[in-house]
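To start, the structure itself, in structure tokens.
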Amino acid sequence: MRIATWNINSVRLRLSQVLRVLEEYDFDVLCLQETKTRDVSFPANEIAEAGWPYQAIRGEKSYNGVAILSRFPIEKKSYQDWVGKRDCRHIAAQIKGINIHNIYLPAGGDIPDRDENIKFGHKLDFVSEVTEYFEQNKPSKSVLVGDLNIAPLAEDVWSTKQLRNVVSHSDIERVNLIAMQERGGWVDAVRDFFGADERLYSWWSYRARDYISSNRGRRLDHVWTTTDLAPQIQKVEIHTNTRGWKQPSDHVPISLQLG
DNA sequence: ATGGCAAATTGAATTTGA
């Protein structure tokens, strides 16, 4: 089974790209973040007609929004609200016995200090609550994907020195995300497949004049599995070429082939 | 905290992203 994650930055604007990745990359399941639309406006029919009729969608106007699109029937659906908000940042589906959690973690604003920036506090609290949730509901046969908005390792950013005090790569975010991974019993499938040394990115800012030559990327999007599924990790791909498509998302899809 | 941009909403400017 091929499971992918992609922050699409508006599913309505980039519907044609969603359909293109589903077909070109042969995803069985695609988890989207930042769909930015209410469920009534979600292009569910177009995606169903293309061959992904099983869908779990949870959106709101303008912001956030997550969805799971599947070729195979969804056996169970659920979602969680964290940090006391109903902001459509999580949805879960069981497909072929695998529990898939799709998360859009808060970006956290500009200043990496919770006393000066309420959004950063929200982000840290969100990580803490997700960590507690999976400690109390120990996952198995599970995959956690999504835009976690944190690049935890030095090799996950173009310059660990220059991004040290930048939100997404601050020490506290990095430590807390690793703790969330370890305490939930998760394996970073992307690092498991590619190893620790290679620089890996899934996001490039829109602001770069030429994202290829500047290559100031960050690995903000993640695919984790529980340890019981780790032996089934056959292949991981970061589909970087979508960043070069016309009117692209600033994130690229990551896919996991489970055997 | 940067930034050369982008998207959604409301109706030219604001908010958010990271």
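Just so it is clear, the values below take in all heavy atoms, side chains as well, and ignore hydrogens, waters and symmetry mates. Note on naming: letters A, B, ... go to the chains in the order of the sequence lines (proteins, then strands), and numbering restarts at 1 for each one.
- When the P atom is compared between dT10(B) and dC5(B), the two are found 25 Å apart, to the nearest whole Å.
- Between the P atoms of dT2(B) and dA8(B), the separation comes to 24 Å (whole Å).
- Contact annotation: the side chain of Asp188(A) approaches that of Arg219(A) to within less than 4.5 Å [non-hydrogen atoms, C-beta and beyond].
- For Arg2(A) and Tyr25(A), the positive end is not near the middle of the six-membered ring at less than 6.0 Å and at most 45° from its axis.
- Taking only side-chain nitrogens and oxygens, Arg209(A) never comes nearer than 4.0 Å to OP1 or OP2 of dG3(B).
- The residue Leu163(A) sits close to a base: some heavy atom pair falls under 4.0 Å.
- Counting non-hydrogen atoms of neighbouring residues, nucleotides and ligands closer than 6.0 angstrom, the CZ atom of Arg38(A) reaches no more than 12 such neighbours.
- Ring geometry for His251(A) versus Trp203(A): interplanar angle of 30 to 60°, hence tilted.
- When the P atom is used for both dA18(B) and dA7(B), the distance is 13 Å, rounded to whole Å.
- Note on Gln162(A): every side-chain N or O is 4.0 Å or more away from OP1 and OP2 of dA1(B).
- Summarising the geometry, the separation between CD on Gln17(A) and C1' on dA7(B) is reported as 14 Å, rounded to the nearest angstrom.
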Under 4.0 Å protein heavy-atom contacts per nucleotide of nucleotides 8-18 of chain B, with B for base, S for backbone only and - for none: SSS-----SBB
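- Residue Arg216(A) is out of contact with every strand shown, counting any heavy-atom pair closer than 4.0 Å.
- Using cut-offs of 30° and 60° on the angle between ring planes, the pair His101(A) and Phe134(A) is perpendicular.
- Going from the P atom of dA6(B) to that of dG11(B) covers 24 Å, rounded to whole Å.
- Judged by the 6.0 Å distance and 45° axis criteria, Arg58(A) is positioned over the aromatic ring of Tyr79(A).
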